[in-house]
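Residue numbers start from 1 in every chain, and the chains themselves are labelled A, B, ... in the order their sequence lines are given, proteins ahead of strands.
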Protein chains: 2
Amino acid sequence: MSLKNAILVLLEGKPGTGYDLAQRFRGGIGQFWTASHQQIYQELKTLGQDGLVEFELQEQASRPDRKHYRITAPGRAALKDWLQATWKPERLNSAALVRIYAAYLADQGPVLAEIERNLEENRAKLDEYLAQEASHLARTGRTSRRQALVYVSLRFGIRHLRNWLELLAEVRALLTEGRVPDRPA
Amino acid sequence: MSLKNAILVLLEGKPGTGYDLAQRFRGGIGQFWTASHQQIYQELKTLGQDGLVEFELQEQASRPDRKHYRITAPGRAALKDWLQATWKPERLNSAALVRIYAAYLADQGPVLAEIERNLEENRAKLDEYLAQEASHLARTGRTSRRQALVYVSLRFGIRHLRNWLELLAEVRALLTEGRVPDRPA
DNA sequence: CAAGGATATGCAATATATTGCATATGGAGA
DNA sequence: TCTCCATATGCAATATATTGCATATCCTTG
């Protein structure tokens with residue numbers, strides 16, 4: 001249900017091929033929704049059958065042909081309906097948090113290795129996000145509602161990464177030195 | 001893959017029925033992994049066939065019979081292996097964040113209503129978590145590694161909720177007053 | 001007394017996601 | 001030149017999750 005709508009959001013922003021969409025799912029909205037190319041192509045097909053998107057075939061001599069998709073009027077209407085519907089409770093599933101929660105059952109070595117790796121990864125991603133934030137803040141003049149929402153979402157992403165980094169640091173301190181945080185979060 | 005391991009974690013902590021597990025998925029580990037009872041019963045069946053859990057039938061005169069499950073030695077081994085394996089990248093999917101990201105395409109009324117509702121909900125949950133945190137901090141004496149990990153995970157949950165509350169407040173300020181945050185996150 | 005919630009388990013159909021494979025070409029680098 | 005990567009799309013099998021239904025009883029509340 002939401003993959004469908006995430007795709008509509010992307011196409012509303014800008015038409016493109018399935019391949020394009022797969023790329024765009026790696027930044028921006030990709031912070032909050034991701035999908036593999038197999039899923040995307042399948043979903044585009046379904047959306048096409050339902051008339052929510054349409055495509056134009058671009059034949060290319062060299063590369064494989066491209067299907068350039070765009071959202072249709074019914075697609076826009078369906079998206080708007082979804083955006084205005086009541087949110088259903090989300091189930092959050094994080095295997096990493098389950099592993100941390102139960103880390104006392106495991107040998108420390110491999111767990112600590114993963115924690116280090118994730119600290120690195122998240123630090124790198126945080127730097128990226130911070131750079132994006134800086135460019136938002138540097139922008140002078142009026143901001144559109146759309147840009148503002150992108151910005152506010154980015155801020156959520158930044159705080160989310162910081163939260164992860166803090167967790168990982170606390171878990172590392174716990175596993176290596178037995179140190180337990182003594183002040184409220 | 002992870003539902004399986006989440007169940008093993010729960011049963012490692014304490015044996016119980018499918019119904020018990022469904023309840024336990026609402027607190028503690030349920031912050032990070034949730035599952036419906038249908039999924040749980042199905043998974044317990046599979047785990048039983050694989051020999052990772054076993055059950056004892058408790059016949060009850062009044063209520064329906066209960067299957068009291070416990071983890072087996074192979075189950076513990078499988079869980080340990082999983083805990084020590086490399087983490088694969090997680091896909092995070094939040095329909096609510098997609099909706100916020102694209103809120104500029106919707107009428108404000110219904111969106112703001114959902115935001116209010118979620119502010120309420122998250123505030124209530126935060127209070128719960130804070131109470132749990134307080135009781136952790138009040139506990140004197142040595143803490144086991146296990147308790148410490150539960151505590152550290154709880155702290156993550158608290159910060160996560162605060163992050164959501166901040167996002168929702170920022171989105172509300174944006175939609176109602178057009179106010180865009182002017183300081184870094 | 002009637003209605004609804006908690007306890008307790010499950011099937012079946014559908015929807016959604018993952019994994020593995022397949023195809024085809026241009027360009028970059030070893 | 002050979003290999004790998006980016007571009008571009010897709011099928012098929014399997015795995016996982018959701019939705020709707022079904023059953024049965026006790027206890028509480030109106």
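In terms of phosphate contacts, A:K45 brings no side-chain nitrogen or oxygen within less than 4.0 Å of OP1 or OP2 of D:dT9. In this structure, B:Y19 reaches the C:dT7 phosphate: one of its side-chain N or O atoms is under 4.0 Å from OP1 or OP2. Checking the phosphate oxygens (OP1, OP2) of C:dA17, no side-chain nitrogen or oxygen of A:Q42 falls inside 4.0 Å.
Between the CG atom of B:L44 and the C1' atom of C:dT9 there is a distance of 11 Å, given to the nearest Å. Look at OH on A:Y41: it is 11 Å from P on D:dT7, rounded to the nearest Å. Taking atom CG of residue B:N93 and atom P of nucleotide D:dT16, one finds them 17 Å apart after rounding to whole Å. Spacing between atom CE of B:M1 and atom P of D:dA17 amounts to 12 Å, rounded to whole angstrom units. Protein atom CD of A:Q23 is 11 Å distant from nucleotide atom C1' of D:dA8, rounded to whole Å. Whole-Å rounding puts the B:E90 CD to C:dA17 P distance at 16 Å. Rounded to a whole Å, the NE2 atom of B:H37 is 10 Å from the C1' atom of D:dG20. Between the C1' atom of D:dT7 and the NZ atom of A:K67 lies a distance of 16 Å, rounded to the nearest Å.
Between A:R117 and A:E114 there is a salt bridge, with a side-chain nitrogen of the basic residue lying less than 4.0 Å from a carboxylate oxygen of the acidic one.
Heavy-atom distances to DNA chain C give each of B:T17 and B:K88 a nearest nucleotide, and the one nearer the 5′ end belongs to B:T17. Looking at which nucleotide of DNA chain C each of B:D20 and A:Q39 is closest to, the 5′-most match is held by B:D20.
Contact annotation: the side chain of B:R139 approaches that of B:Q147 to within less than 4.5 Å [non-hydrogen atoms, C-beta and beyond].
Between B:H136 and B:Y151, the two ring planes are parallel [angle under 30°; tilted spans 30° to 60°].
Closest to the side chain of A:L3, out of C:dA17, D:dT16, C:dT9, is C:dA17. In this structure, the nucleotide among C:dC21, C:dA17, C:dT9 sitting nearest to the side chain of A:Q38 is C:dC21. Closest to the B:R66 side chain, of the nucleotides C:dA8, D:dT9, C:dA17, is C:dA8.
Each of A:L8, A:L11, A:I7 was scored for a side-chain contact (heavy atoms from CB on, under 4.5 Å) with A:L79, with one residue passing: A:L8.
Atom CH2 of A:W87 and atom CD1 of B:I115 lie 5.0 Å apart (nearest 0.5 Å).
No engagement by B:E43 is indicated, since no non-hydrogen atom pair under 4.0 Å with the nucleic acid exists. When heavy atoms are screened at a 4.0 angstrom cut-off, A:K4 is found touching no nucleic acid atom at all.
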